[in-house]
K.L.:
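Take this structure first; my questions come after.
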Amino acid sequence: MSAEQGKLCHEVRIELPALVAGQLDQSARAAVEEHLSFCPGCQFEWQEQELVWRCLSQCEDVDPPEELRNRVRHAIARLE
Ligand SMILES: [Zn+2]
């Protein structure tokens, strides 16, 4: 394991909202996706956020849990 190994979980999680919002550039996205490919914990978090993001941006019918929605909203708000 070296420092070049890739991102740590907390670094990846900071970037997940930007990933689901499509705001990461290609190299940042590749680094996050690489981490996701071997880290189930971050993968779970990512899927959760992607689901909420999709609901926030397109569907009014689905109702994700308020707590989760707020978490993603705050995370996305921090990007702006
Ligand atoms: Zn991770």
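Start at 1 and go down the list; that is how both ligands and their atoms are numbered.
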K.L.:
Near the Zn ion (ligand 1), which protein N/O/S atoms are found at less than 2.8 Å?
P.N.:
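Protein N/O/S atoms under 2.8 Å of the Zn ion (ligand 1): Cys9 SG, His35 NE2, Cys39 SG, Cys42 SG.
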K.L.:
Any salt bridge between Glu45 and Arg71, counting N to O under 4.0 Å?
P.N.:
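Salt bridge flag = yes for Arg71 with Glu45.
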K.L.:
Rounded to the nearest 0.5 Å, what's the gap from CG on Leu16 to CH2 on Trp46? Could you check?
P.N.:
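Nearest 0.5 Å value for the CG-CH2 distance: 9.0 Å.
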K.L.:
List for me each residue that meets side-chain contact (heavy atoms from CB on, under 4.5 Å) alongside Cys39, sequence neighbours excluded, and say none if there are none.
P.N.:
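Partners of Cys39 by the side-chain contact (heavy atoms from CB on, under 4.5 Å) criterion, ordered by chain and then number, come out as Cys9, His35, Cys42.
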K.L.:
Does the pair Glu15/Arg29 count as a salt bridge with the N-to-O cut at 4.0 Å?
P.N.:
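A salt bridge is absent here (no side-chain N lies under 4.0 Å from a carboxylate O).
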K.L.:
Output, in order, the C-alpha distance, side-chain angles, deciding distance and verdict of side chain to side chain contact (heavy atoms under 4.5 Å, CB included) for Glu11 and Leu8.
P.N.:
CA-CA 5 Å; Glu11 296 174 318; Leu8 301 171; 3.7 Å; yes
K.L.:
Does Val20 reach the side chain of Val52, with side-chain heavy atoms less than 4.5 Å apart?
P.N.:
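Contact flag for Val20/Val52 side chains = no.
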